[in-house]
Amino acid sequence: MSTRPSRKAVPAIAGGTPVRSRPLPFFRAAVDESDVAAVSDTLRSGWLTSGPKAVELEARLGAYLGTSNTIAVSSCSEAMLLCLKALGIGAGDEVITSPITFASTVHAILHNGATPVLADIETDTFGVDPAQVRRLVTPRTKALLPVHFGGQACRIEEIIAIGDKAGIPVVEDAAHSFGARVHDRQLGRFGRATTFSFYATKNLTSAEGGAITTEDDALAHRLRLLGYHGMSRDSWSRYSDQGSWYYEVQIPGYKCNLSDLHAALGLSQLAKIDTLLERRRAVAEGLSRALGGCGGIELPLEYPGNRHTWHLYVIRLRLEALRIGRDEFIRALRAENVGTSVHFIPIYRHPFFHPYLQAGSTFPKSEDYYARCISLPIFPDMTDDDVRDVGEAVTRIADHFRAS
Ligand SMILES: Cc1ncc(COP(=O)(O)O)c(C=O)c1O
């Protein structure tokens with residue numbers, strides 16, 4: 001794909017000409033005419049909310065992931081909330097998770113009345129460090145909620161072993177990592193439940209949406225009840241040809257169903273998921289080739305045994321080799337017309353979390369990561385020229401601001 005950048009030019013932020021004349025966004029959804037047709041067909045069908053398309057999406061996701069229960073939901077955020085609720089997590093319970101995640105992972109714990117306990121990350125996968133998790137397990141720990149960051153699995157087999165030893169269920173936040181594997185086994189069948197996101201930027205999108213997988217039939221039944229008002233039957237099974245009007249509300253529930261409009265897009269994207277993931281991999285490999293000779297940064301790696309799905313491509317600056325920090329580097333990339341993002345501001349730095357921070361807790365690996373991380377653009381429709389431009393922009397900035 002891309003070759004190593006050849007030019008040594010002055011970065012735009014220091015008065016040079018930008019690598020690109022037009023901005024490259026951090027992300028653009030890969031939507032084509034087959035997606036438009038799928039959603040249009042559903043719009044014309046007369047059934048818009050959860051119905052045959054949501055049922056079909058669940059079946060096809062299950063076939064792809066090899067899972068026995070697959071429940072389509074409105075988001076991964078709701079999925080995590082439901083899983084913890086269905087497992088009976090509540091006041092007085094502790095749930096261990098990662099500080100390098102989106103806020104909703106922790107909100108799912110708090111909204112169940114439980115206490116989030118953050119375990120520092122390790123830097124092979126940017127997931128929770130199993131040694132830290134082991135240290136933090138107490139009799140109050142009632143679930144582990146590891147995050148599969150950026151498109152690859154965290155050290156899930158070690159986390160599951162910790163959970164099994166302590167008799168604690170593991171719920172996985174696989175929002176970023178649909179299609180990722182560990183030793184050729186798909187994520188979705190390791191823990192008691194796995195939650196996926198189909199948000200617009202994710203590997204597989206339905207614009208908004210998500211899914212829960214579990215091999216536990218009783219848990220699946222409870223999740224379905226909780227996720228649809230606690231009702232014994234959903235609208236589709238009541239109004240379809242074989243349906244009956246009668247239903248019972250068995251428990252107080254939530255409303256987390258995925259509409260057929262969203263499911264139609266999800267189905268259409270799922271039909272080409274392998275191509276989308278292959279293209280992400282090609283872009284990641286192109287970026288790594290283009291940046292291989294750049295001294296001021298560390299490149300992301302695939303952990304041995306993992307199949308990475310490259311939801312994110314996160315470089316880490318070698319701050320000791322540069323005269324600028326992460327924020328200035330991002331400003332310099334913007335001046336080159338290259339979009340970026342930061343995943344994530346560590347949870348303990350957000351105001352909402354301050355009341356829950358345990359005295360004496362420190363997160364040296366997360367802090368180091370946060371000071372140095374930049375998410376570069378990666379999406380299936382990136383062209384080879386886009387990849388070359390990103391390599392050129394990063395190299396140009398790193399070379400210009402190299403510490404002498
Ligand atoms: C790690 C992580 N978990 C959970 C979520 C929530 O996903 P959703 O937007 O589907 O609720 C996100 C969203 O970006 C995320 O990055």
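Both ligands and their constituent atoms are indexed starting at 1 by order of listing.
Residue D173 places at least one N or O, backbone or side chain, under 3.5 Å from an N or O of ligand 1. The shortest N/O to N/O separation between S197 and ligand 1 falls below 3.5 Å. Considering backbone and side-chain N/O atoms, T101 never comes within less than 3.5 Å of an N/O atom of ligand 1. Considering backbone and side-chain N/O of Y199, none are found under 3.5 Å from N/O of ligand 1. For the pair M80 and ligand 1, the shortest N or O to N or O distance does not fall below 3.5 Å. In terms of polar-atom proximity, defined here as any N/O pair under 3.5 Å, S77 does make such a contact with ligand 1.
Contact analysis leaves E78 out of contact with ligand 1, as no non-hydrogen atom separation drops below 4.0 angstrom. In this structure, F149 falls outside the shell of residues with a heavy atom less than 4.0 angstrom from ligand 1. Residue-ligand proximity: G209 is placed with a non-hydrogen atom under 4.0 Å from ligand 1.
Every atom of ligand 1 is numbered from 1 in the order shown, and the set under 4.0 Å from a heavy atom of A175 is 2 (C), 3 (N), 4 (C), 5 (C), 12 (C), 15 (C). Near T105, with a cut-off below 4.0 Å to any heavy atom, the atoms of ligand 1 are 3 (N). Taking every heavy atom of S104 and a limit of under 4.0 angstrom, the matching atoms of ligand 1 come to 4 (C), 5 (C), 6 (C). Atom numbering of ligand 1 starts at 1 in the shown order; those under 4.0 Å from a heavy atom of S75 are 10 (O), 11 (O).
Pairing each heavy atom of I71 with each of L223, the nearest pair is CD1-CB, 3.7 Å.
For the 3.5 Å distance criterion, the side chains of S77 and S104 qualify, holding a donor opposite an acceptor. Using a 3.5 Å distance cut-off with no hydrogens or angles, the side chains of D120 and S366 do pair a donor with an acceptor.
Taking a 6.0 Å sphere around CZ of F353, one finds it holds more than 12 heavy atoms contributed by other residues, nucleotides or ligands. Within 6.0 Å of CD1 on I345 lie no more than 12 heavy atoms contributed by other residues, nucleotides or ligands. Summarising the local packing, CZ of R140 is surrounded by 12 or fewer heavy atoms from other residues, nucleotides or ligands at distances under 6.0 Å. Annotation for F27: atom CZ counts as buried by contact number, over 12 foreign heavy atoms lying within 6.0 Å. Counting heavy atoms of neighbouring residues, nucleotides and ligands inside a 6.0 Å radius, atom CZ of R334 does not exceed 12 of them. Within 6.0 Å of the CZ atom in R60, the count of heavy atoms belonging to other residues, nucleotides or ligands does not exceed 12.
Judged by a 6.0 Å distance limit and a 45° cone about the ring axis, R326 is positioned over the six-membered ring of Y370.
Proximity of E208 to ligand 1, defined as any heavy-atom pair under 4.0 Å, is not found for any part of the residue.
In terms of protein heavy-atom proximity, atom 13 (C) of ligand 1 is nearest to K202 NZ, 3.3 Å. Among protein heavy atoms, atom 12 (C) of ligand 1 sits closest to F102 CB, 3.8 Å. Protein heavy atom at the shortest distance from atom 16 (O) of ligand 1 is H176 NE2, 2.7 Å.
A salt bridge links D35 with K272: the closest approach of a Lys/Arg side-chain nitrogen to an acidic carboxylate oxygen falls below 4.0 angstrom.
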